[in-house]
Amino acid sequence: MKNLIFLILLTSIGLTSWAQKGTISGTVYDAETGEEIIGASVIINGTTTGASTDIFGKFSFPANQGEHEILATFIGYKATAQTVLVKEGQTSTIQFSLGIDAQELDAVEIVGKANKESSEALMVERKNSDVMIQSIGAEEMSVKGISDVEGAMTQISGVSKVSGKGLFVRGLGDRYNNATMNGLPIPSTNPDLKMIPLSIFPSDLVKNISVSKTASPELYGDFSGANVDIILKDYPDEPFFTFGVSGTYNSQATFQDFKTHADGQFEGLGFNGNARPMPPGGVPPTIGNEVGTYETSWSPSTVKAPVAINFNTSGGKFWNIGSEGGIGFVASLAHNNKYEHRSGKLAAYNAQASPTVDYERDQWIYSTNTSALANLTFKINNRHKFNINNILVNESFNTVDENYGYHRDFDQNNLLVRRNTYIQNTIWVAQFTGDHSFLENNRLNFNWGVSRSETSSQEPDRKQLLFTGKGENVNLFTLNPVDNHRYWGDMGEVEYAAKGEVKYGLGAFDRDSDKYRSNLRLGYQGKVKTREFNWYQTGLYGSGANGIDSENPNDQINKWLQDGTLEHRPYRVADTYFKAEMEVHSFYTGYDYDIIPNRLKMNVGIRTEVGRQYVKYRLREDALDAPFRENVYNSTEFLPSANFKYTINEQSNMRFAASKTITRPGMREIIPFEYQSVAGGESIIGNPNLRNAENYNLDLKYEIFPNSGEIFAIGAFGKLLDNPIERVTKAAAGNLYTYENVGEAVVAGIELEFQKKLDNVFNTGSTVLQNTTFGINGTLMYSRMKIGDDVSTVVTNRERALQGASPYILNTNIGYNQEWLNGDINSSFMLNYTTFGDRLYASGSYGAGDIYEKSFGTLDLIIRNKIKKNLSLNISAKNLLNPSIERYQEFDGGITKPISSYKRGMEIGIGLSYTF
């Protein structure tokens, strides 16, 4: 709280100091054409105080009161000066018209690389794009304190995060979304998710993120929510080397008791190595005449959680070769860790609202993320360029999960279930791409790419024990031998991908717009991936395991193994190995045409996707030596799309889009492996008989770009999902879920987006408002899922909202920029708030109502300070409200019961970085 008060005071001091100045603003034009000049330098003559013009030729900067000579310059133009009088608290406006300097133009050729990291540049790209896109760049992610790609996505309208289920776009979850990197597909590291968890990618690696909620021919047709394309950083215009370090304090974990299983010396860095090996056959071998024991302990360790430490380093350079060629590189290495303690409730109920499970739950989660990037660019000339991209990301989660209380199936009121889970996910992506232009005015363009992606997800030596209470003299609960177990799981996936597109300009070349009136595009995209999954489990068998310390059970369990009270036995079932393959070959044709030049443009096309899905498996009830079952599903899909853009004027557009897309089942959804998250909890099993779902999409949007970096947009969307895939409850003992094609669903909504400088709203001339921005985006949404009569399930409501679909989503931010000490320090303050409406989390079954996630709000404060040109000091205060994250279940008669609850804790961070 003291830190928060200090930050508020610091902001107040800054606001006061601004009031003692005035503002100089205006526009720089080309004297001959009247067009705005982008990137012109406007300064107070004889000083470094000033600004560069934005994409609309505008500039604005603070200045001390008094008379100043203002100088405007740009390469190829004659410098021009004007005198202006600045008054306190007022804005003085001037305009510059720069004439061409013919002598300078004879000697200078301007060749540059477009800036795709700034919000202003991305806004221009969005305005000029033929299709609907939304983007967020590295600059905006830095200002908002966004640490990873998933966090960046939640700043985009219609996007929300559901705990444990990933991102939802317009109410559509993981299976309806798709992710690519530099236009090439990337597989998921999480076996339960189709789309790779975007939190695995630190924002340090990213140039920008492009989000397409509407289809076009060059996008894979397997989405209805969004296609997310992560564009990695490439070579810089100027050489640099940066090193940074930061620390984070969590109010619920830091300096407090923290339970963990630190079984390997490198697990603190996120790398398990061979620290949790599985003995041959899963059971420790006999040593002499005595039963062996595992190398890792059944007992957790308790430590004091330290401050989480993060570091990153990056650098890059470009070497010119000849007049047009060169070689550039960028590389980075980063590591961060995090300590979390979640304390709350976990419960389940029958149709009469009586509890079947009622736990007090504590989770201690230690997580790491390590990333490395090495990208090379080979530029032969302005027409031919090659890129080699390599990225390696490793994340780990070491969790101790304790549940204490009542469980009906075990007939216990004081059952203690403790599970230690260590998960390590790794992805390595290697890409080789090229861009080429041929013929006069670049009439013919060819871009291509190939990639190899390898992912792994390991869950080595998961340990679970059940006790009849807490303390030093309790009993080991051995009613079911699989409840006290060790588990090893290993998933590996390799994906190869390729793409190629030829674009040909038709008709005459328009030199004013620097483009052809129409273009024809022909392309191919293909991907082939294979996933293999193995698992093995052993259990403790026996009886009479009475009198044990639940906090330190290891020695006693080993004694019982020695004297025969307990014994290790493998859990022998048939479904311990699976193999799945997916192959997609896509051919597309696209045509874009200026129906009315510079006014009405269309982008139409059709995409053909030929798919093959293969699963090799055994079911749990099969004999151990039974032959493997095989399931093959072949499909051919024709996916048309149409995008129309009507340019009302230079600053506003009207857009319309219509398309057909599909939803392919994720690999986890087709593999019939039964996985239970916690003893007595829900189990999920895949369905190899799933088929593609068809999606029909409509979008209409109106957008205005009044000034640089500003936008007002409002849009409506509607979707019809035919034969969608949903998780449903199977008729079985316990809570067993599977996936089915269930009938049909509809989703419709309205999206609003607004980003504006406050002085352009109130127009008071205030220097404070001049440097304050306000942004808001929101979504109002309706969804309805109807399960067909032919679907066998025991869900209570066969007609309901879509899982994860909120009736509303709201993101807001307010930012303020300030200079100190004559521009030596530049500070930015950003306050972000996000919230959503109660959303369906899971469907109820056997007469019990549906489960909802309760609305909560998240508030973050980010302060960035640039000290001169090299040093940055950043402060963050995240999750300031520290809301309770709750789920509840509805029952007949208006009764609601709590299902789960926990808090994440407030986080205070401070970081330093230096650029050489």
Side-chain angles (χ1 to χ4, degrees), residues 116-117 119 122-123 126 132-183 185-186 188-190 193-214 219-220 222-233 369 371 393 395 427 711 713 715 717 749 751-753 755 775-779 781 804-806 808-813 830 832-836 839 858 860 862 878-879:
K116 295 294 183 69
E117 296 186 6
S119 57
L122 292 173
M123 199 73 78
R126 176 178 174 179
M132 299 184 204
I133 59 172
Q134 287 179 262
S135 301
I136 183 168
E139 183 180 286
E140 183 177 351
M141 286 188 279
S142 175
V143 169
K144 292 184 176 179
I146 297 169
S147 59
D148 56 54
V149 172
E150 184 175 79
M153 283 290 297
T154 59
Q155 299 296 308
I156 291 175
S157 60
V159 179
S160 62
K161 179 181 177 181
V162 179
S163 178
K165 295 188 176 182
L167 292 173
F168 279 65
V169 181
R170 294 175 166 178
L172 301 176
D174 171 70
R175 71 175 65 87
Y176 296 99
N177 300 312
N178 190 42
T180 57
M181 179 182 293
N182 299 319
I186 45 175
S188 176
T189 56
N190 188 327
L193 298 178
K194 166 197 158 188
M195 190 168 83
I196 187 168
L198 298 181
S199 59
I200 199 172
F201 296 108
S203 55
D204 296 335
L205 306 180
V206 178
K207 178 192 290 186
N208 65 69
I209 304 161
S210 178
V211 181
S212 301
K213 299 178 190 173
T214 59
L219 298 178
Y220 274 96
D222 183 15
F223 80 95
S224 186
N227 184 89
V228 182
D229 191 27
I230 304 166
I231 309 298
L232 300 178
K233 289 186 175 180
N369 182 290
S371 62
V393 183
E395 66 174 1
I427 181 170
I711 187 173
F717 63 88
E751 290 180 340
L752 175 70
E753 189 177 359
Q755 188 77 31
I776 183 171
N777 66 69
T779 303
M781 190 160 48
S806 295
Y808 67 86
I809 304 169
L810 180 67
N811 298 303
T812 64
N813 63 79
M830 181 66 68
N832 301 314
Y833 178 77
T834 181
T835 188
F836 61 91
R839 57 196 174 197
T858 303
D860 299 334
I862 310 297
K878 295 186 176 182
N879 198 32

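Note that these values count all heavy atoms, side chains included, but never hydrogens, waters or copies made by symmetry. Just so we're clear, the structure is a prediction, and the values are computed from it rather than from any experiment.
- In this structure a side-chain-to-backbone donor-acceptor pair under 3.5 Å is present from R126 to I133.
- No donor-acceptor pair under 3.5 Å is formed between the side chain of N811 and the backbone N or O of T834.
- The closest side-chain heavy-atom distance from V211 to M153 is below 4.5 Å.
- Side chain of D229 to backbone of N182: a donor-acceptor contact under 3.5 angstrom is found.
- To the nearest 0.5 Å, atoms CD1 (I711) and CD (E753) are separated by 4.5 Å.
- Taking CD1 from I776 and CG from L752, the interatomic distance works out to 7.0 Å, rounded to the nearest 0.5 Å.
- Atoms CD and OG1, on E751 and T779 in that order, are 4.0 Å from each other to the nearest 0.5 Å.
- Under the 4.5 Å side-chain criterion, counting only non-hydrogen atoms from C-beta, F717 is in contact with R170.
- Side-chain contact between V228 and N177 is absent, with no heavy atoms from C-beta onward closer than 4.5 Å.
- Contact detail for A226 and V169: the closest heavy-atom pair is CB-CG1, 3.8 Å.
- Atom-to-atom distance recorded for Q134:CD and I156:CD1 is 5.5 Å, nearest 0.5 angstrom.
- Side-chain contact check for N832 and D860: no donor-acceptor pair (N or O, by modelled atom type) lies under 3.5 Å.
- Here the side chains of V393 and N369 are in contact, with some heavy-atom distance below 4.5 Å.
- For E395, there are no salt bridge (Lys or Arg N to Asp or Glu O under 4.0 Å) partners at least two apart in sequence or on another chain.
- By the 4.5 Å heavy-atom criterion applied to side chains, N813 and Q755 are counted as neighbours.
- A distance of 8.0 Å separates OG1 in T858 from CZ in F836, rounded to the nearest 0.5 Å.
- Between I231 and I209 there is no side-chain heavy-atom pair separated by less than 4.5 Å.
- The structure places CG of N178 at 5.0 Å from CG of N227, a figure rounded to the nearest 0.5 Å.
- Taking both residues in full, the closest heavy atoms of F168 and G804 are given as CE2-CA, 3.4 Å, listed atom of the first, atom of the second, then distance.
- Remark: T214 pairs with M132, N643, A657, D699 by the side chain to side chain contact (heavy atoms under 4.5 Å, CB included) rule, at least two apart or across chains.
- Taking the ring-ring contact (aromatic ring centres under 6.0 Å, His included) definition, one finds that Y176 meets it with nothing, sequence neighbours left out.
- S212 and L219 make their closest contact through CB-CD1, 3.7 Å (heavy atoms, listed as atom of the first residue, atom of the second, distance).
- Shortest non-hydrogen contact noted between K207 and L232 is CB-O, 3.7 Å.
- Taking every heavy atom of both residues into account, R839 and A805 meet most closely at CB-O, 3.7 Å.
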